[in-house]
2 protein chains.
Amino acid sequence: MLAVDAVNKSNSGHPGLPMGCAPMGYTLWDKFLQHNPKNPKWFNRDRFVLSAGHGCMLVYSLLHLTGYDSVSIEDIKNFRQWGSRTPGHPETFETAGIEVTTGPLGAGISNAVGLAIAEAHLAAKFNKTDSQIVDHYTYVVMGDGCNQEGVASEACSLAGHLKLGKLIALYDDNHITIDGHTEVSFTEDVLKRYEAYGWHVQHVKDGDTDINAIAKAIETAKSVTDKPSIIKISTTIGYGSPNKSDTAGVHGAPLGEEEAELTRKQLDWSYGQFEIPKEVYDHYRQAIERGSDLEAQWNEEFTNYRTKYPTEAEEFSRMLRGELPQGWDNALPSYTSNDKGLASRKHSQICLGALGPNLPELIGGSADLTHSNYTDIKGETGSFQPTSREKRYLHFGVREHAMAAILNGIAYHNSGLIPYGGTFLVFADYMRGSMRLSALSELGVIYVLTHDSIGVGEDGPTHQPIETIPSLRAIPNMLVFRPGDGNETSGAYKLAIKNRNRPSALCLSRQGMANQANSSIDKVALGGYVLEDCEGSPDLILIGTGTELDLCVQAQKSLTEMGYKVRVVSMPCIELFEEQTDTYKNEVLPKSVRKRIVVEAAESFGWHKYIGLDGDSVTMNRFGASAPGGTCMEKFGFTVENVVKKAKALLI
Amino acid sequence: MLAVDAVNKSNSGHPGLPMGCAPMGYTLWDKFLQHNPKNPKWFNRDRFVLSAGHGCMLVYSLLHLTGYDSVSIEDIKNFRQWGSRTPGHPETFETAGIEVTTGPLGAGISNAVGLAIAEAHLAAKFNKTDSQIVDHYTYVVMGDGCNQEGVASEACSLAGHLKLGKLIALYDDNHITIDGHTEVSFTEDVLKRYEAYGWHVQHVKDGDTDINAIAKAIETAKSVTDKPSIIKISTTIGYGSPNKSDTAGVHGAPLGEEEAELTRKQLDWSYGQFEIPKEVYDHYRQAIERGSDLEAQWNEEFTNYRTKYPTEAEEFSRMLRGELPQGWDNALPSYTSNDKGLASRKHSQICLGALGPNLPELIGGSADLTHSNYTDIKGETGSFQPTSREKRYLHFGVREHAMAAILNGIAYHNSGLIPYGGTFLVFADYMRGSMRLSALSELGVIYVLTHDSIGVGEDGPTHQPIETIPSLRAIPNMLVFRPGDGNETSGAYKLAIKNRNRPSALCLSRQGMANQANSSIDKVALGGYVLEDCEGSPDLILIGTGTELDLCVQAQKSLTEMGYKVRVVSMPCIELFEEQTDTYKNEVLPKSVRKRIVVEAAESFGWHKYIGLDGDSVTMNRFGASAPGGTCMEKFGFTVENVVKKAKALLI
């Protein structure tokens, strides 16, 4: 009824799911969920993910009823209003107790796979036979929508492979989606599919009233330790509403005053709007004492652990505090222009190898492109598998979108793990939905995106990113790095690791590039800086990134010989440059110097912020072509000659 | 061996799949595929899709061997070279006989679902009990990668629901992906999953040598008419290579000269590099006569059909010619400023209703948001289902990525169908991989993307696009429309329908907007135009789109009253504006007028091309918030007052 009233009051929202899922929500939260309402961040709590995020009034109701300070009855009355803690979909950054930001369907269950991976990895890493300090379940409520989304298919296939026994999904089988009955588009045998993935499956036929059956199924699911579990719970959407239940109409629209009254009658609920009887509070809020006891027990356990295993305990505590270890970046390499030029994907591999031993919390892998992305950690063998959960390399398979969602899940676990994952830059498109959520939810996920331009070569236009870099730069709260040599790659990693509250996308080359004389690890933090300069005020500024940075440097040499005063600005991260002071930005790109050329083997889209109406660009304005990378570069104008030509055209 | 030699010569490519799939490729193309090598566009041909596009030397070899003019032996020797017709992945726009551009995994099988839908729909629409002019199969070769991708899961679930009996997939089960054995990440029971989707499943255990078993399985699959079929064919990747077969090493790297020679020995193949014995050509090229006969028979059938059913025949022929019917756009509505303002999603629904009766080839639907996207065609009921294939409304379910891939598939069918599909604009992220392929492959798909800004309101930041519009504008060869009223929505539809060789993304509002006095359907073709002007040269130009266009108009009124000379430019489609002459562009945005402000409730990213270093913007630079749409607009500065304030700051 809280959901009915809140949606009615805001005249906006989704009452159907909270009404149909109230029995499973009650059962799970009252009888199983181990959490501490007065400390929503207690480490060893079970994680609850409402994958069907539109039903958020379910979780707001449960948070309120079990005594979380983050959701008062006033908050519920302010559902979906400006500045409220009860937004239209659950958001981690708005409401304590929300574990995962959901709404985009399929994301939550896929994040949950990441949460379960994090738990399993930390358990294998820290637990001892006589002390289990990491030991919790990950529970999910998902709907038909989540089960139709491909990202969930990818993630659940991997979860089955990984035998994540502590992942338990409750599938709200209510037969209704926005377009009507699921018969119009979704008639597959969902449980059989999950069986094919290697999950344990159960069916509760009456999810509307049979609390005992729900409880028994959860109990059984918990007892199956070598498989993730899905419990299909058949329910009636909008259960209790005499005229709207079991229709698409109750999915995403208020019941209205009248139907709300009829629902009260049908459910024999004699209380007013937003009224919670004392006995309900009394019952639900036993969770507070239970939670407090659970946390106290765990604290005691951890004290014992600390006594017996002080080194491990310290590492564990440090990770939970979100502190990086002393000297974590000491081994990051720096380079001089005498060092052999390498591809930045290779520099990236070297960085991972340098970080690995000093950063035990680094965990990641690749979507089946390990030996192309170079995402392995030098010196380490084996990967996270059912029998080797202590390993930190993740074989995601050819599942980019699930990879990103799982990386988000590992970050949501909030236990100090630093997740990274690799694929080809062009396939960022596959996982963009989850990359956006990394940014929105302020998760420090590191995306290792190699093969970053037409320099990819022979694989051709399907594999050559043109618009991908600009389209990532357009996402708020994401750092997009395109390092121009070894130092800048080290610098990008340093910043990506440090930025625990925003994701980083590292755009890395397939092909080699020279190391620059004046690049530096630290200057990457400025986003853009003067790499090569002239005497006095420049006639023209060349702005370069990545593999094209050296083109700018070479062109500057030619132009200098011709008597022009040319500056080269390296711009490995536009977002960080934007955060500098106006004074600094004007030092690097003086307002008075309007002759500016950007050189980047990508769409020029977005660069006019720096080149304005008077500048020019050596960029791409079409899809690429299949040919050796060097040929592509030449044919599309990424030559010193062409940069010089364009510069001269501006300078005349 | 052609694959081995071509990959060796180019020193780049994927020999493993063509080697392992040669038996199934031979069997399918020699014994089943109905096609005409001398007329690759013959309508009633079976469609062949190599979903595992990296194995393109398989299809180039088959095209060459069966006598297509598009792939000569010289073309094969030029594999992956600049300007060749044998690019690194199959591309429809490069090579006649390639039905679908593949490479990004999962796309091809999902396109194939669209091809099969197109065939089934046209068959239901045009076939008569005594004349079957539409009657072909869609065959797919897919690998482990395709089966891991979520888009394929979505599409195959829908294909099972739709009982697409003429879709037959050969699954190359070779146990190897780039990261090694599939055991590291992919151990699900694939056939059981397909059974759960409602597919007919078979397993050929020895795909390396048992041609008869492959043929028998295809025969059986053809006989199952009420289910799509998948045949798992267990093969050895790189079959024939003594040292590299059955390893990840043969997936994506040349065998090298030495191993090629050893392979020749093992396979008892005594011919030189690129050498095809005459008897092989003689055998394969029987396809030419068979194909010629097949087409002749079909032509005869169609002549009969034309005699008996002249109206249907004329419509069918017109569609195949790619001609729009006379007067197709006559009913598109126009508006005056006296007409009540509506949301552009509502205008869109009116356009679909106006186009529907006059454009029988219009076919589409929504990813389960029909009543939010307003993608229905007024006056029509029912949808494309197993028992109603003549219907043209598609319920895609909550499957955005599959929707886009299926729309591409319908366009690839190249039979005049005009596909459209709707979802929320923010969920364009889910299907971006396939939207990119629409653009790359020059497919006239129409994306109906509603709820286009923070104006979405209460659903909050997960549902409010900020960066989505700019990120779509960054894609080459895609028209991104954001119409500012009813006339502009009609204009956008007119252009989207006419542009059969590039996709259109229509970004449409949830909330209402005023109809403008000086907007017009036809001016949308200019991309941008002067909507409101001042006397003489303007002091300042306001550039607006969509729901913010009226803000510009209102602000102009205020500023004019204050004595400023202000022009309002409406910019519904940047891409089309860019295609105008410099003269026109300079008329609209005179180089001398540098005080320019863009007003758009999205990231400013990309707009500096018009506002330069001296302009300003009323745009978004962060994610949105959950609150009523009007509140969001106001809080984020989308008010007349704020536009006027920013304008005055520039004008002073």
Side-chain angles (χ1 to χ4, degrees), chain A residues 12 80-82 87-89 103-105 145 148-151 153-154 157 160-161 177-179 184-189 192-193 196-197 368-370 395 397-399 401 429-430 432-433 436 440 458-462 467 470-471 474-476 603 605-606 608-609 612-613 622-623 626-627 631, chain B residues 12 80-82 87-89 103-105 145 148-151 153-154 157 160-161 177-179 184-189 192-193 196-197 368-370 395 397-399 401 429-430 432-433 436 440 458-462 467 470-471 474-476 603 605-606 608-609 612-613 622-623 626-627 631:
Chain A
S12 164
R80 295 185 151 225
Q81 302 309 303
W82 182 265
H89 290 84
L105 293 172
Q148 290 177 76
E149 290 285 4
V151 59
S153 299
E154 296 177 3
S157 169
H161 166 79
T177 65
I178 293 177
D179 272 10
V184 302
S185 68
F186 186 53
T187 49
E188 63 168 64
D189 182 340
K192 185 170 179 175
R193 168 157 65 91
Y197 292 149
D368 196 50
L369 288 170
T370 297
H395 287 292
V398 190
R399 303 181 182 103
H401 200 172
D429 281 0
Y430 273 80
R432 191 172 164 90
R436 178 178 212 261
L440 174 62
E458 292 91 343
D459 274 344
T462 53
E467 75 288 12
S471 74
I475 301 178
E603 262 278 353
F605 201 81
H608 290 80
K609 187 160 192 176
L613 303 182
R622 51 156 284 187
F623 290 110
S626 172
T631 307
Chain B
S12 163
R80 295 186 152 225
Q81 302 308 304
W82 183 264
H89 290 84
L105 293 173
Q148 289 177 79
E149 289 287 3
V151 60
S153 298
E154 294 177 4
S157 169
H161 166 79
T177 64
I178 294 177
D179 272 9
V184 303
S185 67
F186 186 55
T187 49
E188 63 167 65
D189 182 340
K192 185 169 179 177
R193 169 157 65 92
Y197 293 149
D368 196 49
L369 288 170
T370 297
H395 287 292
V398 190
R399 302 181 181 103
H401 200 173
D429 280 359
Y430 272 79
R432 191 172 164 90
R436 180 178 211 261
L440 175 61
E458 291 91 343
D459 274 345
T462 54
E467 75 289 12
S471 73
I475 300 178
E603 262 277 355
F605 201 81
H608 290 80
K609 187 160 193 176
L613 304 182
R622 50 156 283 187
F623 289 111
S626 173
T631 307

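When atom types are taken as modelled, the side chain of B:His89 and the backbone of A:Asp459 share a donor-acceptor pair closer than 3.5 angstrom. In this structure, B:Arg432 contributes its side chain and A:Asp429 its backbone to no donor-acceptor pair below 3.5 Å.
Considering only heavy-atom pairs separated by less than 4.5 Å from chain B, the leading option among A:Ile475, A:Leu369, A:Leu440, A:Val151 is A:Leu440. Interface remark: of the candidates B:Gly612, B:Ala627, B:Pro87, B:Ser185, B:Ser185 forms the most heavy-atom pairs closer than 4.5 Å to chain A. Of all the listed residues (B:Pro470, B:Ala196, B:Gly397), the one sharing the greatest number of non-hydrogen pairs under 4.5 Å with chain A is B:Ala196. Counting heavy-atom pairs under 4.5 Å between each of A:His161, A:His401, A:Gln81, A:Glu154 and chain B puts A:His161 at the top. Residue with the most contacts toward chain B among A:Ser157, A:Gly160, A:Ser153: A:Ser157 (heavy-atom pairs, distance under 4.5 Å). In terms of heavy-atom pairs under 4.5 angstrom with chain B, the leader among A:Asp189, A:Thr177, A:Thr462, A:Asp179 is A:Asp179. Across A:Gly433, A:Ala474, A:Ser12, the residue that shares the most heavy-atom pairs under 4.5 angstrom with chain B is A:Ala474.
Both the backbone and the side chain of B:Thr370 come within contact range of chain A, each with at least one heavy atom under 4.5 Å from a heavy atom of that chain. Residue A:Arg622 touches chain B through its backbone alone, counting heavy-atom pairs closer than 4.5 Å. Both the backbone and the side chain of B:Arg193 come within contact range of chain A, with heavy atoms under 4.5 Å apart. When heavy atoms are compared at a cutoff of 4.5 Å, A:His395 approaches chain B by way of both its backbone and its side chain. Of the atoms belonging to B:Glu149, heavy atoms from both backbone and side chain fall under 4.5 Å from chain A.
Rounded to the nearest 0.5 Å, atoms NE2 (A:His608) and NE2 (B:His608) are 11.0 Å apart.
The shortest side-chain heavy-atom distance between A:Phe623 and A:Glu467 falls under the 4.5 Å cut-off.
Among B:Leu105, B:Ile178, B:Val184, the one residue that satisfies the side chain to side chain contact (heavy atoms under 4.5 Å, CB included) test with A:Asp368 is B:Ile178.
Looking at every heavy atom in both residues, A:Pro476 comes nearest to B:Glu603 through CG-OE2, 4.1 Å.
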